[in-house]
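These notes are about the structure you will find just below.
Everything numeric here is computed off the predicted structure, so don't read it as measured data. Along the sequence shown, residues are numbered consecutively beginning with 1.
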Amino acid sequence: MASTEIISSETSVNLALDMVGRAYLALALLYEMAHPGEFDDVQRKIRSFVEDNFRIAQETSRSGTLADGTVESAAHLVNSVLSEAENKIATMIRPSRHGRSQIVT
């Protein structure tokens, strides 16, 4: 693969991961708004799923089928997105669980 093809491929991958990350963040915020306080449990399950899959990808990478740094780079980007979602949701102002039970709809 020529160096320009590698650069173009890396740019495409980074752009795709950025788009997926932004979509995830939007969905996470919507979920938290629809189900206040429940995002933490969902995020833990998602993080566990992602970590398991990256462990599998890491094993594949060691067998030489993936380019060096591919899995590490993807893991870093995905963890950044998950952390950003956690931080944004942690800073959202939500009524307490007690306050939500008092709300009449």
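- Cluster membership check: Val42 shares its hydrophobic cluster with Tyr24, using side-chain heavy-atom separations under 4.5 Å among Ile, Leu, Val, Met, Phe, Trp and Tyr.
- Under 4.0 Å is where a charged nitrogen must lie from a carboxylate oxygen, and between Lys45 and Asp41 no such pair does.
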Identify all side-chain donor-acceptor contacts of residues 48-57 below 3.5 Å with residues at least two apart in sequence or on another chain.
residue, atom, partner, partner atom, Å
Asp52, OD1, Arg55, NH2, 2.4
Asn53, ND2, Phe49, O, 2.8

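- Annotation: side-chain contact (heavy atoms from CB on, under 4.5 Å) contacts of Leu25 (sequence neighbours excluded): Leu29, Glu84, Ala85, Lys88.
- In this view, His76 satisfies the ring pair (Phe, Tyr, Trp, His ring centres under 6.0 Å) rule with no residue, not counting sequence neighbours.
- Of the possible donor and acceptor atoms, one in the side chain of Gln43 sits under 3.5 Å from a partner among the backbone N and O of Leu82.
- By the rule that hydrophobic residues join a cluster once side-chain heavy atoms approach within less than 4.5 Å of another member, Ile46 and Met33 end up as members of one cluster.
- With sequence neighbours left out, the side-chain contact (heavy atoms from CB on, under 4.5 Å) criterion links Ser83 to Arg47, Glu86.
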Chi angles and distances behind the salt bridge (charged side-chain N to carboxylate O under 4.0 Å, His left out) call for Asp40, Arg44: CA-CA 6 Å; Asp40 288 338; Arg44 268 192 291 284; 5.3 Å; no
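- A search for ring pair (Phe, Tyr, Trp, His ring centres under 6.0 Å) contacts involving Tyr31 returns His35, not counting sequence neighbours.
- The main-chain N or O of Phe39 is found under 3.5 Å from a side-chain atom of Glu32 such that the two form a donor-acceptor pair.
- Residue Met19 shares its hydrophobic cluster (ILVMFWY side chains chained together at separations under 4.5 Å) with Leu15.
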